[in-house]
**Student:** 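Quick one: this structure, given as structure tokens, is what I'll be asking you about.
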Amino acid sequence: MARKRITEAPAIKSWEEVDAALREIAEAELTLGDIEAEMNRQIIGAKKVAEQESKPHADRIAKLEKDIKEFVEEHRTDLGKAKSKALNYGEVGFRLSTSVTVPTAKEKLEKIIRSLKARNMNDCIVVKETVNKENLKKYGEDTVNAVGATYKQKDVFGYDVFKDKVERTSSAV
């Protein structure tokens, strides 16, 4: 026996039903907005409570860190060549930290880049090239296809609901 294809009839059969569905979407979006607003109010409240409860602990940690740093700096010679000291509840010490700062002024930055190129230090230069698809789209189908990209146009379905025409119901939060 051959397989039969069952096609499901569309649920909406008239423009009135489309309009009713858009109204239902608008009502649901309004309710979602109310629910999300209440959720955000609760989140903000919870963040404020957590911030108030954690502030004394964070302040205490900051003070203890400052006191420990001052003590260890005063007693640096006790560390010897190890530069660190293991204790029962942690470890303190010093480590060599290296950083490089690059000026942000365009002229100085260009001078550094030229100097890096002259020294053949190209691995220190970051170059990022990407295609600006919005600008490329402006050239049209022939040009886009000529450069090896693909140009597609299609009608995309969309809808707008008029939330201002929907009365708020008591089901809203």
**Student:** I need the Thr31 OG1 to Glu36 CD distance, nearest 0.5 Å.
**Tutor:**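 Spacing of OG1 (Thr31) from CD (Glu36) equals 11.0 Å.
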
**Student:** What closest approach, in Å, do Leu109 and Pro103 show between heavy atoms, and which atom pair accounts for it?
**Tutor:**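 Looking at all heavy atoms of both residues, the closest pair is CD1-O, 3.6 Å.
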
**Student:** On a heavy-atom basis, which atom in Val161 and which in Ile25 lie closest, and how many Å separate them?
**Tutor:**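 Where Val161 meets Ile25 most closely, the heavy atoms are CG1-CG2, 3.9 Å.
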
**Student:** Taking atom OH of Tyr139 as the centre, report whether more than 12 heavy atoms of other residues, nucleotides or ligands fall under 6.0 Å from it.
**Tutor:**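 Counting other residues, nucleotides and ligands, OH of Tyr139 stays at 12 neighbours or fewer.
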
**Student:** Is it true that Glu38 and Arg41 have a side-chain N and a carboxylate O under 4.0 angstrom from each other?
**Tutor:**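 So Glu38 pairs with Arg41 through a salt bridge.
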
**Student:** Say whether Phe162 and Val166 are linked into one hydrophobic cluster, either directly or through other cluster members, by side-chain heavy-atom distances under 4.5 angstrom.
**Tutor:**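 Different hydrophobic clusters.
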
**Student:** Rounded at 0.5 Å granularity, tell me how far NZ in Lys137 sits from CD in Gln153.
**Tutor:**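 With rounding to 0.5 Å, NZ (Lys137) is 9.5 Å from CD (Gln153).
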
**Student:** Search all heavy atoms of Glu17 against all heavy atoms of Ala11 and return the closest pair with its distance.
**Tutor:**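 Closest heavy-atom pair between Glu17 and Ala11: OE1-O, 3.5 Å.
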
**Student:** Minimum heavy-atom separation for Ala21 to Ile12, with atom names?
**Tutor:**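 Shortest heavy-atom separation between Ala21 and Ile12 comes out as CB-CD1, 4.0 Å.
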
**Student:** For a 4.5 angstrom cut-off between non-hydrogen side-chain atoms, does Lys163 reach Glu29?
**Tutor:**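 Yes, close enough: below the 4.5 Å cut-off.
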
**Student:** Working to the nearest 0.5 angstrom, can you tell me the gap between Ile44 CD1 and Met39 CE?
**Tutor:**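 CE of Met39 is found 10.0 Å from CD1 of Ile44.
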
**Student:** Check whether Val49 and Ile43 end up in the same hydrophobic cluster, where Ile, Leu, Val, Met, Phe, Trp and Tyr are linked by side-chain heavy atoms less than 4.5 Å apart.
**Tutor:**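 Unlinked, Val49 and Ile43 end up in two clusters.
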
**Student:** Assess whether a salt bridge exists between Asp19 and Arg23, defined as any Lys/Arg side-chain N lying under 4.0 Å from an Asp/Glu carboxylate O.
**Tutor:**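 Here Asp19 does not pair with Arg23 in a salt bridge, since their nearest N and O are not under 4.0 Å apart.
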
**Student:** Could you tell me the separation between the CD atom of Glu141 and the OG1 atom of Thr150, rounded to the nearest 0.5 Å?
**Tutor:**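 The distance works out to 10.0 Å.
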
**Student:** Below 4.0 angstrom, N of the basic side chain to O of the carboxylate: do Glu70 and Lys66 qualify?
**Tutor:**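 Result for this pair is yes, salt bridge flagged.
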
**Student:** If we ignore hydrogens and angles and just use 3.5 Å, is the side chain of Lys83 paired with the main-chain N or O of Gly80 as donor and acceptor?
**Tutor:**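 Here the side-chain-to-backbone pair does not exist.
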
**Student:** Do Leu116 and Asn122 have side chains that get closer than 4.5 Å, going by heavy atoms?
**Tutor:**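 Not in contact.
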
**Student:** With heavy-atom distances below 4.5 Å as the criterion, would you say the side chains of Phe94 and Val72 are in contact?
**Tutor:**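 Yes, side chains in contact.
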
**Student:** Would you check, one step at a time, whether the test side-chain contact (heavy atoms from CB on, under 4.5 Å) holds for Lys111 with Lys108?
**Tutor:** CA-CA 5 Å; Lys111 181 180 178 193; Lys108 290 182 179 181; 5.5 Å; no

**Student:** Membership question, hydrophobic clusters at under 4.5 Å side-chain separation (ILVMFWY): are Tyr89 and Ile61 in the same one?
**Tutor:**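 No, Ile61 does not connect to Tyr89 through the hydrophobic network.
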
**Student:** Does Glu73 pair with Arg76 as a salt bridge, N-O distance under 4.0 Å?
**Tutor:**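 Looking at Glu73 and Arg76, the cut-off is not met.
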
**Student:** For Leu136 versus Val144, what's the shortest heavy-atom pair and its separation?
**Tutor:**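 Closest approach of Leu136 to Val144, heavy atoms only: O-CG2, 3.3 Å.
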
**Student:** Can Lys63 and Asp59 be counted as an ion pair, charged N to O under 4.0 angstrom?
**Tutor:**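 Looking at Lys63 and Asp59, the cut-off is not met.
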
**Student:** Between Leu79 and Gly93, which heavy-atom pair has the shortest distance, and what is it?
**Tutor:**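 Scanning both residues completely, I find the closest heavy atoms to be CD1-CA, 4.3 Å.
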
**Student:** Treating Ile, Leu, Val, Met, Phe, Trp and Tyr as nodes and any side-chain heavy-atom pair under 4.5 angstrom as an edge, say whether Tyr151 and Val147 lie in one connected cluster.
**Tutor:**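 Yes, because Tyr151 and Val147 connect within a single hydrophobic cluster, where side-chain heavy atoms sit under 4.5 Å apart.
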
**Student:** Around atom CG of Asn40, are there more than 12 heavy atoms from other residues, nucleotides or ligands closer than 6.0 Å?
**Tutor:**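 Counting other residues, nucleotides and ligands, CG of Asn40 exceeds 12 neighbours.
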
**Student:** Could you measure the distance from the OG atom of Ser115 to the CE atom of Met121? Nearest 0.5 Å is fine.
**Tutor:**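 The distance works out to 8.0 Å.
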
**Student:** Answer yes if Val127 and Ile113 sit in the same cluster of Ile, Leu, Val, Met, Phe, Trp and Tyr residues linked by side chain heavy atoms under 4.5 Å apart, and no otherwise.
**Tutor:**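 In one cluster with Val127: Ile113, yes.
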
